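Below is one structure, written out as structure tokens; the observations come after it.
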Number of protein chains: 2
Amino acid sequence: MAFMIAQRAFIKLYLITMVEEHRGYGYEMLENMKERFKSFGYSPPQSEIYRALHELVHEGVFYRTKQLKGNDPKVDFQEIVIYHFTDDGREKAKLYKKQVKTDLDRCIGMLTKAEADNYN
Amino acid sequence: MAFMIAQRAFIKLYLITMVEEHRGYGYEMLENMKERFKSFGYSPPQSEIYRALHELVHEGVFYRTKQLKGNDPKVDFQEIVIYHFTDDGREKAKLYKKQVKTDLDRCIGMLTKAEADNYN
DNA sequence: GGATGAACAATCTGTTCATGG
DNA sequence: CCATGAACAGATTGTTCATCC
């Protein structure tokens with residue numbers, strides 16, 4: 001058993017939730033996470049977001065489509081990659097989230113214990 | 001800023017507290033931590049304990065003395081390494097613990113937030 | 001600046017090996 | 001088995017570079 005939850009798993013958890021909510025593409029999700037954790041002084045590195053996305057694709061949870069960001073190609077040629085659940089991806093994701101939940105609880109327990117054990 | 005607290009820091013925290021309480025040597029502290037976290041399925045690896053101890057010595061927090069485990073050399077020749085605070089080690093340790101406390105709080109906050117954000 | 005991807009280097013961690021009583 | 005230490009291999013991570021619009 002590992003010590004703490006890995007950053008990778010933590011990010012995957014958020015990515016899955018964001019895809020559930022149809023927030024689509026990498027860069028946007030990166031900015032979203034940065035904003036959420038700004039007050040914690042944590043800024044997920046860009047590379048980790050993409051690695052996590054690639055892994056989820058590789059694991060058969062997501063598949064990718066490409067589209068232009070703007071609806072009118074004349075206006076914006078920026079191509080973005082959108083992620084969607086595969087047929088059994090939703091089920092896989094559900095299971096994954098369940099496992100992560102267990103791990104989150106375990107980590108919170110250990111950290112709380114450490115505070116109790118080491119500070120008055 | 002790193003994502004989560006490092007295992008190294010977590011272990012150092014416990015080592016400092018244990019030395020404060022005059023629980024002396026590496027192997028014993030290892031067993032102690034294993035026992036404490038057994039229910040969490042976490043078993044700190046032996047190498048990490050020693051690395052953490054070496055670092056604390058290197059950082060000038062601890063110094064080492066050697067002694068035989070049994071008081072009677074005829075009974076037990078097992079040599080053990082005892083750790084003590086250096087002159088300014090106590091102060092350094094206090095500061096270190098303070099920093100770790102901040103980090104523990106931060107981590108608990110992030111993990112709790114993750115549960116709130118990703119589960120119902 | 002927005003968006004994606006890959007390469008690279010550093011760090012951290014887990015397992016194994018080595019030594020001795 | 002108790003006790004310490006080091007070596008080694010692998011995984012994770014952070015920074016940087018590359019590319020395109």
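Bear in mind that the values here come from a model prediction, so they are computed numbers and not experimental data. Numbered from 1 within each chain, the chains take letters A, B, ... in sequence-line order.
- Listed nucleotides D:dT12, C:dG2, D:dT15 differ in distance to A:Arg8; the shortest reach to its side chain belongs to D:dT12.
- Which of D:dG14, D:dC2, C:dT13 sits closest to the side chain of A:Glu48 comes down to D:dG14.
- If you take CE of B:Met4 and P of C:dT13, they are 13 Å apart, rounded to a whole angstrom.
- Closest to the B:Ile80 side chain, of the nucleotides D:dA7, D:dA3, C:dA3, is D:dA3.
- Counted by atom type alone, B:Ser47 and B:Arg51 present one or more donor-acceptor pairs between their side chains at under 3.5 Å.
- Atom CD1 in A:Ile49 sits about 16 Å away from atom C1' in C:dA6, given to the nearest Å.
- Note on ring orientation: taking the six-membered ring where Trp is involved, the planes of B:Tyr42 and A:Phe3 are tilted (angle from 30° to 60°).
- Between the P atom of C:dT13 and the CZ atom of B:Phe3 lies a distance of 13 Å, rounded to the nearest Å.
- Close to C:dA3, at under 4.0 Å from its OP1 or OP2, lies no side-chain N or O of A:Arg64.
- In the set D:dG5, D:dA7, D:dT4, D:dT4 carries the atom at the smallest distance from any side-chain atom of B:Tyr25.
- Separation of atoms CD (B:Gln67) and CD1 (B:Ile80) is listed at 5.0 Å; rounding is to 0.5 Å.
- Closest-nucleotide positions on DNA chain D for A:Gln46 and A:Gln7 were compared, and the one nearer the 5' end corresponds to A:Gln7.
- Distance, B:Leu53 CG to D:dG5 P: 8 Å, rounded to whole Å.
- For D:dT15, its base sits under 3.5 Å from the side chain of A:Ser47 at one donor and acceptor pair at least.
- Closest to the B:Val81 side chain, of the nucleotides D:dG5, C:dG5, C:dA3, is D:dG5.
- Put simply, A:Tyr27 has no side-chain N or O that comes within less than 4.0 Å of OP1 or OP2 on C:dT4.
- Rounded to a whole Å, the NZ atom of A:Lys34 is 12 Å from the C1' atom of C:dA3.
- The nearest whole Å value for the distance from the NE2 atom in B:His54 to the C1' atom in C:dT13 is 15 Å.
- Residue A:Tyr50 has its side chain nearest to C:dT4 when only C:dT4, C:dG14, D:dG5 are considered.
- As rounded to whole Å, 19 Å separates atom P of C:dT11 from atom CD1 of B:Ile5.
- Looking at B:Thr86 and B:Lys92, their side chains never bring a donor and an acceptor atom within 3.5 Å of each other.
- Distance B:Glu55 CD to C:dT13 C1': 12 Å, rounded to the nearest Å.
- Here the options are A:Lys94, A:Arg90, A:Lys97, the test is salt bridge (charged side-chain N to carboxylate O under 4.0 Å, His left out), and the partner is A:Glu20; only A:Lys97 passes.
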